[in-house]
Structures are given as C-alpha cells and as structure tokens.
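To start, the structure under review is shown below, and the notes come after it.
Naming convention: chains lettered A, B, ... in sequence-line order (proteins, then strands); numbering from 1 in each chain. What you see is a predicted model, and the numbers here were worked out from it, not measured in a lab.
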2 protein chains.
Amino acid sequence: MATKHHAHSHKQEKVDAEDALRNAGLKVTKPRLAILDLLASEHGPFTPDEIHVRVTQSKAAGACDLVTIYRCLAKFEGLSLINRCDFGDGTVRYELGGKDHHHHHIICRLCKRVDSLPDCPVEDKSIKMPKTGFRDVSHRLEFFGICPDCYAG
Amino acid sequence: MATKHHAHSHKQEKVDAEDALRNAGLKVTKPRLAILDLLASEHGPFTPDEIHVRVTQSKAAGACDLVTIYRCLAKFEGLSLINRCDFGDGTVRYELGGKDHHHHHIICRLCKRVDSLPDCPVEDKSIKMPKTGFRDVSHRLEFFGICPDCYAG
DNA sequence: GCTTAATTGCAACTCGTTTGCAACATCGGC
DNA sequence: GCCGATGTTGCAAACGAGTTGCAATTAAGC
Ligand SMILES: [Mn+2]
Ligand SMILES: [Mn+2]
Ligand SMILES: [Zn+2]
Ligand SMILES: [Zn+2]
C-alpha cells in the first residue's frame, strides 16, 4: 500500500532522524541507527520485541539487548521521532512518527494484520469534535475487522 | 452528566444483568451481583482494582478476592454485559456495556478524569469509513486533553 | 589520545494479569 | 430441605511486558 508517507526516500528519513538525534544532544549509536533504519524501511508498526529480533538478526551490526530497544524507543518517542500505537493486546507498537505522520490503522481480528489508513477522519473534518471544555485535545482511533484474506480463505 | 444511559433505572439494569447471567447458564453469586450492582450505579469506567476496593468495602457483602474480580469481568465481557476500555495506561477499565451503550471518552492528561461523550462521531454520521475491504468493522476512539479544572487551577 | 557524560548489558525487580488446584457455593432434582 | 454435579472461589505461584540499579563501555568534544 504505497501512500503519501513515502514522499521522502527511506534513506532520507533515516538521515533526518540521525540529525534529530544530534540536534537533541543524543549520541548516535549502532543500536539507535539500526532501529531508525528498520522503522524507516518498513512501516510497521512493530513491538519492541519484533524490533529487537529484526535489529539483532540484521547483518547491519545493530545487535543489542532488548532493554536497549526499550530505552531507545523511549528516547525517540520523547523527541517525537516515533509514534506509539496501542492496539489493546498486551504490548505496544512503534512506527516512524512526527508531525506529518498522523494516521490510523485497521487491524484484522483474526490474523492481526495491520493496514494504515492514509487519512484522519477526525482532523480531516468529518468528525464533529464534541464541545467538552477540554483543551489541547488529541485522539486515538483504531478500526478492527476481518481482512479480505481471512474471510476469503 | 445525566445522559440517555439512564433510560433504565439502576435497579432495572441490575435485574437485566442477573437475567443475562441466568440465561447464559452462569451461577448468580454474591461477588457477581456486587460487581454488576456497582457498575449499574456508577458509570465508571473502573479498573479491576477499583472495583475490588469498592465491592469489598461496600456493606453489601460482595467481598471477594481480586482474582474473582478478574474472572467475573472476563465472563461478563464474554457475554457483552460489560465493555472494556483501554486508555493506554497500564491497566484496563470496565463499564456497563452491551448493544446500546456504545460511546467514547475524553480523558484529562493531568488529573486522569474521564468524561463520557454521549454521541459516537463515527457511527453517528459523516465519518467516511475508509473502504478497506475489511468486514465487521468496529472501532475504538478516545480523546485526550486538559480538563477545565486543570487549566483553571 | 584523553576526559567526561551518555549509553549499554545484565540481573533483579515491578505490577497487572493469569493459572493450578483444592475447598466451596449454587442449582436442579429428589 | 437434602444431595450430588457442576460451576465458582481463595490462595499461592507463575507469567510477561516493561522498568531500574549499577558497573562496564563507548561516543563526542577538546
Ligand atoms: Mn501506521
Ligand atoms: Mn463511559
Ligand atoms: Zn486522527
Ligand atoms: Zn463509536
């Protein structure tokens, strides 16, 4: 599913992230580069464990402890380099993030496949934000269903 | 915030739930009644721990182990008597559920107060459900912000 | 190169939730 | 009302994602 998210090249995304690390006074280490590299090359989102497996198996020498994955992800999230997804199954997932990456997902209840939905119906317009008196309102929106592969097969 | 959810009396909600238990071949026990009683009288949503505290402190003799709370909630959820809420802070919450109880929440990022939003913007209207080929699509939607009390005080 | 502060690995720990199992209530039938 | 079958509970132990302390290591600046 090629979408607007591929406006930048993967290599460019990674370079941007590296710069962001430097600008924030963070050290550029092999594990951090490996994680950013992965997230720039595959949309995900990935659990910390999935990231750990891929980064460790990759020949790109980013192997590290799972704890390091957690700590890097926490730093990245703090810098808004990545976004956290929570699909309500006991673990969290991450994908490349930042201002212009806001979007939502539809998850297959059977095979757990995750598709990204290019447009946000909330900002977009259609949803009428209820007037609650709250400020700085953000939202979390996920769809769940049965994907074509699952109801066909 | 009195809403359409109070169309039935609290007592009636509880009786309905009791019937649902019987109809499902489940035994009607003191802990189960106490939990349903609480959820019918206060909107919540409540964490299993909060439910445990309230049910155990209540003079209504529903005291039980926290494990029992978890097991009852799991059964209730399976029967769609209650709905699970996940606000992404390490614990889950429950409130009375079922067909006509679908709604969403806005949570204060500072004091964690939870308000229920009476209307669902997704079903309710325009939200153009993206055509994904998925079937039986449901959704989870939560808003986060700063509540009036927090930005005033 | 050398210094210093940030980062990492490892082990131990936290905490919400789950599971095993024996004791115990509920409920339908007598 | 009593009784047995089946579902439910309490307690303790286990589980698993995520976190933390600390000593060893490494990146960055000079
Ligand atoms: Mn995505
Ligand atoms: Mn609610
Ligand atoms: Zn959105
Ligand atoms: Zn809705």
In whole angstroms, the gap separating P of dA22(C) from CG of Asp65(B) amounts to 18 Å
Between Pro121(A) and Asp119(A), which heavy-atom pair has the shortest distance, and what is it? CD-O, 3.4 Å
Rounding to an integer number of Å, can you tell me how far Leu33(A) CG sits from dA27(D) C1'? 12 Å
Do Glu142(B) and His139(A) have a side chain donor and acceptor closer than 3.5 Å? no
Have a look at Arg71(B) and say if it touches a base, only the backbone sugar-phosphate, or nothing, with a 4.0 Å heavy-atom cut-off. base
Does dT7(C) have its OP1 or OP2 closer than 4.0 Å to a side-chain nitrogen or oxygen of Lys75(A)? yes
Determine whether the aromatic ring centres of His52(A) and Tyr70(A) lie less than 6.0 Å apart. no
Taking only N and O in the side chain of Thr91(A), is any of them less than 4.0 Å away from OP1 or OP2 of dG18(D)? yes
What's Leu26(B) touching, base or sugar-phosphate or nothing? Going by heavy atoms closer than 4.0 Å. sugar-phosphate
Could you give the CD1-to-P distance, from Ile35(B) to dT8(D), as a whole number of Å? 12 Å
To the nearest angstrom, how far is Asp89(A) atom CG from dG16(C) atom P? 19 Å
Non-hydrogen side-chain atoms of Ile69(B) and Ile35(B) separated by less than 4.5 Å: yes
Taking for each residue the nucleotide of DNA chain D bearing the nearest heavy atom, is the 5' side occupied by Leu66(A) or by Ala63(B)? Ala63(B)
Expressed in angstrom and rounded to an integer, what is the separation of Arg84(B) atom CZ from dG16(C) atom C1'? 12 Å
Which sits closer to the 5' end of DNA chain C, Gly25(A) or Thr47(B), going by the nucleotide each is nearest to? Gly25(A)
When you measure from the side chain of Ser58(B) to the backbone of Arg54(B), do you find a donor-acceptor pair of N or O atoms at a distance under 3.5 Å? no
So if I take every side-chain heavy atom of Thr29(A) and compare against dG9(C), dT7(C), dG16(C), which nucleotide ends up nearest? dT7(C)
OP1 or OP2 of dG18(D) sitting under 4.0 Å from any side-chain N/O of Tyr70(A)? yes
Length of the line joining His52(B):NE2 and dC15(C):P, which is rounded to integer Å: 17 Å
Report the distance from atom CD of Glu77(B) to atom P of dT17(C), rounded to the nearest whole Å. 12 Å
Quick one: is Thr68(A) getting a side-chain N or O under 4.0 Å of the dG9(C) phosphate, OP1 or OP2? yes
Integer-rounded Å distance: dT26(C) C1' and Arg22(B) CZ: 10 Å
Lys27(A) (side chain) and dA5(C) (base): donor-acceptor pair under 3.5 Å: yes
